[in-house]
Structure formats: structure tokens, C-alpha cells
Amino acid sequence: MQRPLILIHGYSANYKAFHPLRDMLEARGIDLNLINICNYISLNNEITIKDIAEGLDRAYRYDQRLNAKYNMENQEFDAIVHSTGMLVLRSWLTNYGCSVRDANARLRRLKHLVGVAPATWGSPQAHKGRTWLGALVKGDKELGPDFLNAGDEVLDGLELGSKFTWDLAHIDLLGKEPFYGKQTNTPYVSIFIGNTPYTGLSSVANDPGTDGTVRWSGCGLNTRKITIDLTRFPIDKDGNPAKQRLTMSDWADDRLNVPIIPVDGRNHSTILANPDPAMVDLIIEFLKVGEMGENSQIVPTYDAWVDKAARYGEKGKVKMLANPGAGTSQLSEEIHSAFGHIFGKNTDSTLEGWQQFVIHAKDERGDGVSDYLLEVLREVDGSLVPFEEMYADVHAYRTDPSYRCFHIRLPHGISSQNANLKIRVHASSGTALIGYQGYKDLRPDEKPTGSAAGQGQAMTAEAAPVILDVADLGDGSASLFHPFTTTLIELLLSREPTPLLNVSDVFTFIWENEGDADDSGTPADAGTGG
């Protein structure tokens, strides 16, 4: 059965971006009358991704031409999204914070969702687009109120580690009920991503592990969350006393496994401008997943389609497992030397893949911790040293640095090295008057030397940082590292006046009858504040 097909473009693009794919879909039997390409404004500094999602809903309800063909307020449909289009549609599905139950009407209507190079977790290019240079390159060139606007609010949501993508994931990817499950009342999802960065002059913007604009590890929907609660009295997500400080969400059995499907020889632009015919064939087949065939049999099944798509993606995946080196860019060796911090070290060893960690640090009151450091360490000859083979990039979200995004390469054997890896946590308030404290429960063989709830450890510049064993974060099956996925880490610390186990310097009482007053009988440092 063919349904209306909605095509949603990405940031700074327009409806014309989908013309090549539209033509190929029509040539393969999709009725052109069912293909509906949207056009939305992204280069306006006041418009947010949520605003665009609201605009999408208005178009469904009130667009006269759309509703002349079918009642889009209740009509089932399929969708193909490119880049930022994924965030627009996910925002529409979640209705800005609703539960699965409240979103059921929308989830039931969307039957198939195809992400083509989706910016599921934003883009490493987004924060660059907010600069003056970004405005010249990507800004709106039409004279008018939006002249040279680069879409600040949209780019803020697209920035790595943004609060927008963090909050959105907690609704549709990490909620108690799946938005993308195996039931017939939620959409089937597929993700295609190019394995090649930009070429020519544009390649100077390339980051390793990307298609030129989005990270391979940041386009899928397979996500887990780790909570590290180092506060004095840890609590669970329901506000009750927690039994453990380290928890990891499950890969729920009722959620779809949505692996990325590599498309060989395509980058973020050419995957849409010059679609691979075999990819288009797979999209056509995917739009039939879950349909009833002869004898009331569902043909094809989602798992069968994923297996076939994975075989198609094997060729493209080989290049994604290569360590980045000189071949990352087509520019001269001199330019490569200048931009070596981007392209990394050249090496012949292959990878297990790439992974992204989005981290939010906050205190027991819920306020963000903006100055902190997390390092992955490994033990070498009895000493802990930084695991430099894993490092790729760390980005602090500019609006709120308590959100960070870590991009790492996964060297071969990393999954079996969990027991030798540790995470070092260091945090600072910026003043000696206030300190962050990390608490760890005592092991049975340890003797209490501080608080009965565990030994508190200061995180000042002079103090030793808290070190966590990575093995404690897993589930016994090397589950911390998963290639081509994004993992969320929520770090909770105690923020306390110093010194910890004594009257603090922030607040003291003045005892006048014990010689602390001056000759006039007024405390020496008393004021007249209100």
C-alpha cells in the first residue's frame, strides 16, 4: 500500500535538494502525486527547531493543497528526512515533551521513517556556522530583515552536546516506553549515512569519523545512558534513595535495533544530490516493511530488511573502520600539516569504530557544573596514563558548558580492555570558598575514615581527582563501548562550602561576648546590608 511520502530537507537547504531522490523514487514506481516535499525557513536567528516542528504540524492541518489530496491531520504517511530534518520530525513526534501515550496518534500515523545522513545528535560544524564567517558562507543572502542571518537558534540546537538534543533523547530514545519499537503503532526506522567526507577545498572543514557534516556515531537512534551519582546521598530517577551509584540503561527488548547503513562513495551532500541506486532500491523495499502480503503474512519483516541492508553496507563500512590519516583530505600535505589537529595521526591499524559520549555534569540541586574534566585512562606498568589512542575531539556546548560531547575512536581490542580502563573526574567551582565533592561507597574491605555514607573526596585543583573503574560501569559484557552509537553520561556531584567537615568560610556567626567586637560594640566586619 502506498501512502503519502513526506520529504524534509536539512539546515540552509530547500525543497530542491530532494529533486534527484524524488525523480529516482518516481522511476521505481512511487506515485508522484504521493510525494510531498516541504520547504522551511532555517536561516532566521529567532526561529527554533521546535518552531519548525510546529510549522510542520500547521502544514499537516491547514495546507489546502495537501488536504485536498488527503486529510493529513489523520492520514498515515511515510517520511524521508535529511540532516536537520530528523530533529524536526522527532520534535513533531514528541510534541515537545509528551509521553508515548499522548503521542500515540502521531506515532500511529508515521509508518516508516528513513533518515538520510540525519543530524540525530547535531553536527560538529554547527557552532562554526554561528560566527561571522559562517554567516557569509551559509547566511541568508536575500536583502530583507533576515539578511546574513545564519539561523542562530537552529544552530544552537544542532551544536554538539546541546541541551535540545539531550532533552529530546530523554523523551523518545530513553523514555520508559519506546517511540521506535517493534509494535505496529510506532514507526519503523532506517538510517543511511555516507562513508566519505568532502573533497576539494570543502575538505578543510572535515572532521574524522564524519560524512563531512554529521558524525557516523551521531546519526543513529541506538542510545544508552549511564548515570554516575557521586553525591553524598544518591537518589534514583524516581527520587528514592539509590542502591548504587553507577547505573546504565538497558537495551530494551521492545525497542528497534536501528543500525546505520553505510553508503559507499557518498558524503553528506552527494548522498542526496547523487543517490546511490542500490540505496534507493533499499528505501523502496523499506517502505513496504510490515505490510500484509499473501496469506496475511507480513512481508518483508524488519529484521529481514536490516540483514539485507547490512550486507549492502559492508563495502562502505570498511572505509569507516580505517584510522584517519593523510587520505582524509584531498588537499596538499602543507595544508594537512596545518590542520593536523583535525585529521589526526596516520596509522595503518583499523578501528572497531567510532563512538560519541554526551555528558552533562550537575550538582545535587540540579545546577550545571561548567568546569570539569573527564579523562579515559589505562594502566601501563602499574601507572595510569591517558588513553591517547581513543582521543578525537571534545566540545563544550557554548550556551551551557555543563554539557560536553566527546568523540572517540575505538581501537581494536577495546571491548576486552574494560578491566584496565578508568575514568578520572575533576571539577572546580572557580573559588576556594566552594568545592565539589565526590563520594564513593566503601567496599567491604575498606575502613570508614569520613562520612558514614562513604568517603568524600574534594575536587580542588590541588586534590587528587576521583577515579572510577570502567568495569563498574558495564554489565559484565564490555557494554560501555558500542561502535557507531552515542552514549549519554549524567554526572552528579555535591557542591558544598569549604571546608567540608567544619564551619565554612561562606557563612559564620559572630560572637560579640567573646571578644569579637570592636570598641563600639559592633562586630568588626558587620555591615548594613539588607
Side-chain angles (χ1 to χ4, degrees), residues 6-18 36-66 72-73 79-98 103 106 110 113 115-172 213-214 218-219 268-269 272 397-400 403:
I6 307 298
L7 309 183
I8 305 178
H9 62 76
Y11 164 77
S12 79
N14 59 38
Y15 67 97
K16 296 178 183 179
F18 266 109
N36 305 273
I37 308 178
C38 82
N39 199 68
Y40 66 84
I41 295 173
S42 59
L43 299 180
N44 177 294
N45 286 342
E46 284 69 49
I47 290 177
T48 68
I49 295 174
K50 291 181 180 181
D51 290 333
I52 299 170
E54 179 66 27
L56 170 63
D57 192 60
R58 293 285 185 89
Y60 283 161
R61 287 185 284 150
Y62 298 120
D63 187 283
Q64 294 182 358
R65 287 172 297 179
L66 201 62
M72 276 306 297
E73 191 169 359
I80 301 177
V81 299
H82 179 243
S83 198
T84 307
M86 173 63 86
L87 293 175
V88 171
L89 191 59
R90 286 174 60 204
S91 294
W92 176 80
L93 281 175
T94 58
N95 200 21
Y96 327 127
C98 68
R106 297 185 178 189
L110 179 59
L113 172 57
V116 180
T120 306
W121 289 98
S123 166
Q125 307 300 331
H127 70 283
K128 303 172 187 176
R130 295 164 68 184
T131 65
W132 178 79
L133 177 61
L136 289 179
V137 174
K138 279 290 190 180
D140 191 338
K141 303 303 189 301
E142 297 295 328
L143 289 176
D146 298 332
F147 181 64
L148 287 186
N149 278 358
D152 281 355
E153 292 297 326
V154 173
L155 289 171
D156 182 83
L158 282 169
E159 187 173 340
L160 296 173
S162 75
K163 184 178 185 300
F164 170 76
T165 51
W166 175 277
D167 291 343
L168 182 60
H170 279 74
I171 301 169
D172 67 343
T213 294
V214 299
C219 64
H268 192 75
S269 175
L272 203 60
Y397 174 45
R398 295 200 306 182
T399 303
D400 183 352
Y403 295 90

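Remember, it's a predicted structure, so these values are computed and weren't measured experimentally.
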(request) May I ask you to say whether E54 pairs ionically with K50, meaning some side-chain N is under 4.0 Å from a carboxylate O? (result)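 The answer is no: the pair does not qualify as a salt bridge.
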
(message) Whether D63 and R58 form a salt bridge (side-chain N of Lys/Arg under 4.0 Å from carboxylate O of Asp/Glu) is what I want to check.
(response)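 Salt bridge absent between R58 and D63.
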
Heavy atoms only: give me the nearest [X]-[Y] pair and the separation to one decimal.
| X | Y | answer |
| --- | --- | --- |
| R90 | D172 | NE-OD2, 2.8 Å |
| E159 | H127 | CD-CB, 3.8 Å |
| G157 | S162 | O-OG, 2.9 Å |
| H9 | C38 | CD2-O, 3.5 Å |
| I49 | S91 | CG2-OG, 3.9 Å |

(request) Taking atom types as modelled, find out whether T399 and D156 have a side-chain donor-acceptor pair closer than 3.5 angstrom. (result) yes

(message) Evaluate I80 against F18 for side chain to side chain contact (heavy atoms under 4.5 Å, CB included), listing each step before the verdict.
(response) CA-CA 10 Å; I80 301 177; F18 266 109; 4.0 Å; yes

Is the backbone of [Y] close enough, under 3.5 Å, to the side chain of [X] for a donor and an acceptor to pair up by distance?
| X | Y | answer |
| --- | --- | --- |
| S123 | T213 | yes |
| N14 | N39 | no |
| H82 | H268 | yes |
| N45 | D152 | yes |
| T120 | C219 | yes |
| R106 | T94 | no |
| S42 | Y11 | no |
| D51 | T48 | yes |

Within this structure, what is the [atom1]-[atom2] distance for the pair [X] and [Y], rounded to the nearest 0.5 Å?
| X | Y | atom1 | atom2 | result |
| --- | --- | --- | --- | --- |
| L158 | L87 | CG | CG | 6.0 Å |
| L56 | L93 | CG | CG | 9.0 Å |
| W121 | L168 | CH2 | CG | 8.0 Å |

Under a 4.5 Å cut-off applied to non-hydrogen side-chain atoms, are [X] and [Y] in contact?
| X | Y | value |
| --- | --- | --- |
| Y60 | I6 | yes |
| I52 | V154 | yes |
| L113 | M86 | yes |

(message) Determine whether L110 and L89 satisfy the following criterion, side chain to side chain contact (heavy atoms under 4.5 Å, CB included), listing intermediate values before the conclusion.
(response) CA-CA 10 Å; L110 179 59; L89 191 59; 3.9 Å; yes

(message) Quick check: Y397 with W166 (ring centres under 6.0 Å apart)?
(response) no

